[in-house]
Amino acid sequence: MKKNIRNLISNVKKNGYGVLPGVLSKKYCGRVINKLEKILKILKKRKKYFGSNKNQVIYNYFYHDIKLINLVCNKYIDKVMTELIDEDYVLISPAARNPRLLDDKTAGKKTSGFGWHVDSRVIDKNNNSLLKPSINFFAIIALEDFTNYNAATKYIPNSHKFYKKPINRNQKIKFKNMTAETGSIIFLDTALWHSVGEPTKISRWSIFNMYGPWYMKPYYRFTDLLEKNKVKKLTKNAKKILHFYSIPPLNSEGVLTTLKKIKK
Ligand SMILES: [Fe+2]
């Protein structure tokens with residue numbers, strides 16, 4: 001494993017997150033943003049879910065343009081998730097997000113991410129303790145700079161070591177901003193206490209992909225969501241990440257295992 005990936009993994013373990021800069025070019029990020037703006041327009045026109053005029057959210061963005069699957073399957077994400085989870089890791093939730101204030105009459109609906117929270121699972125409801133160690137991690141792609149002036153994700157340093165869910169989402173606590181340059185990927189432990197920054201008029205498009213182990217249910221049924229002609233365009237690795245090789249057998253009359261190993 002290359003040294004920068006090794007450093008990144010140790011940063012995720014030590015600090016709850018790590019930044020890999022310069023993964024995607026500014027030009028490519030610009031092209032993705034153009035596509036996302038077009039998808040957003042269509043969603044609004046069709047009165048579909050697009051988040052709100054405070055925080056625009058496009059779930060399953062690759063459903064609208066299958067080429068965007070390249071934001072889910074990337075060789076760097078692959079290396080890091082294989083290390084943090086294992087080689088059978090899968091996608092749990094994909095969303096393009098922009099906490100941006102729009103002068104728009106269509107207010108939209110409530111969005112997730114505001115206030116102090118974790119995205120890991122509580123395993124003991126009596127004391128709000130989380131799975132330890134974490135089994136879910138985000139790869140957050142900064143399609144634009146995350147700065148102190150455009151709602152960079154806020155986090156509480158070292159809070160991933162508590163393995164506890166914050167009780168009060170609106171608690172006033174000392175925090176830091178997760179800054180990153182365009183084209184970087186931020187890898188985040190879902191046990192780290194974090195929140196969306198305060199939305200501004202400055203755009204901050206980003207991709208939030210959460211990954212997990214193959215036996216965890218995804219937020220959406222990707223295997224049914226995509227039409228056959230779109231599935232045909234997927235690589236084996238993309239299909240693995242979208243749960244195509246970890247669907248339980250229908251009954252006990254054939255293969256009895258759920259996980260089907262693929263050769264990369
Ligand atoms: Fe979150």
Side-chain angles (χ1 to χ4, degrees), residues 11-13 15-20 36 49-52 54-61 71-72 77 80-81 84-85 89-100 108-123 128-144 146-148 150-180 184-200 204-213 216-220:
N11 281 340
V12 174
K13 296 208 166 142
N15 304 321
Y17 82 102
V19 185
L20 201 59
L36 295 175
Y49 185 88
F50 69 93
S52 70
K54 219 177 137 190
N55 189 21
Q56 293 87 66
V57 182
I58 305 172
Y59 285 112
N60 305 317
Y61 48 85
L71 297 165
V72 173
I77 296 177
V80 177
M81 291 303 163
L84 291 171
I85 305 167
Y89 77 89
V90 287
L91 181 67
I92 303 297
S93 79
R97 294 178 168 267
N98 192 352
R100 167 183 58 171
K109 288 184 182 161
K110 201 181 164 223
T111 62
S112 61
F114 288 99
W116 298 118
H117 69 281
V118 291
D119 292 295
S120 179
R121 307 303 301 177
V122 170
I123 48 161
N128 275 317
S129 59
L130 305 175
L131 275 173
K132 183 181 175 180
S134 294
I135 56 171
N136 291 109
F137 296 87
F138 274 107
I140 305 166
I141 304 174
L143 295 169
E144 295 180 281
F146 278 39
T147 71
N148 293 331
N150 71 343
T153 304
K154 300 186 283 191
Y155 72 100
I156 310 292
N158 291 317
S159 54
H160 64 300
K161 292 173 185 162
F162 306 157
Y163 290 103
K164 291 255 182 183
K165 179 185 165 176
I167 297 172
N168 178 0
R169 287 182 88 99
N170 303 314
Q171 207 178 327
K172 296 236 177 309
I173 342 173
K174 244 189 170 180
F175 65 87
K176 280 191 172 174
N177 290 329
M178 215 171 265
T179 55
S184 313
I185 304 186
I186 304 169
F187 291 91
L188 174 81
D189 183 330
T190 52
L192 189 73
W193 295 19
H194 64 282
S195 167
V196 188
E198 198 51 46
T200 70
R204 200 223 68 188
W205 274 114
S206 48
I207 298 292
F208 277 64
N209 293 330
M210 197 218 281
Y211 299 86
M216 183 175 267
K217 278 186 191 165
Y219 283 22
Y220 308 99

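Quantities reported herein were computed from a predicted structural model and do not represent experimental measurements. Order of appearance sets the numbers: ligands from 1, and atoms from 1 within every ligand. We number each residue from 1, following the sequence as shown.
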Compile the donor-acceptor pairs under 3.5 Å between side chains in residues 92-99 and protein atoms, sequence neighbours left out, one pair per line.
residue, atom, partner, partner atom, Å
R97, NH1, S112, O, 3.4
R97, NH2, S112, OG, 3.0
N98, OD1, R204, N, 2.7
N98, ND2, S203, OG, 3.0

Going by atom type alone, with no hydrogens or angles, which donor-acceptor pairs under 3.5 Å involve a side-chain atom of residues 128-143 and a protein atom two or more places apart or on another chain?
residue, atom, partner, partner atom, Å
S129, OG, N127, OD1, 2.9
S134, OG, D189, OD1, 2.5
N136, ND2, Y211, O, 3.1

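Remark: K154 qualifies as a cation-pi partner of W116 under the 6.0 Å distance and 45° angle criteria applied to the six-membered ring.
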- Task: Take Y155 and N15, measure what side chain to side chain donor-acceptor pair (under 3.5 Å) needs, and give me the verdict at the end.
- Result: CA-CA 11 Å; Y155 72 100; N15 304 321; over 6 Å; no
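Take V19 and apply the side chain to side chain contact (heavy atoms under 4.5 Å, CB included) test, not counting sequence neighbours, and it matches Y17, A180, S184, I186.
Results of the side chain to side chain donor-acceptor pair (under 3.5 Å) test with N177 over T153, N148, N150 single out N148 as the only residue that passes.
Taking a cut-off of 2.8 Å, the protein N, O or S atoms nearer than that to the Fe ion (ligand 1) are H117 NE2, D119 OD2, H194 NE2.
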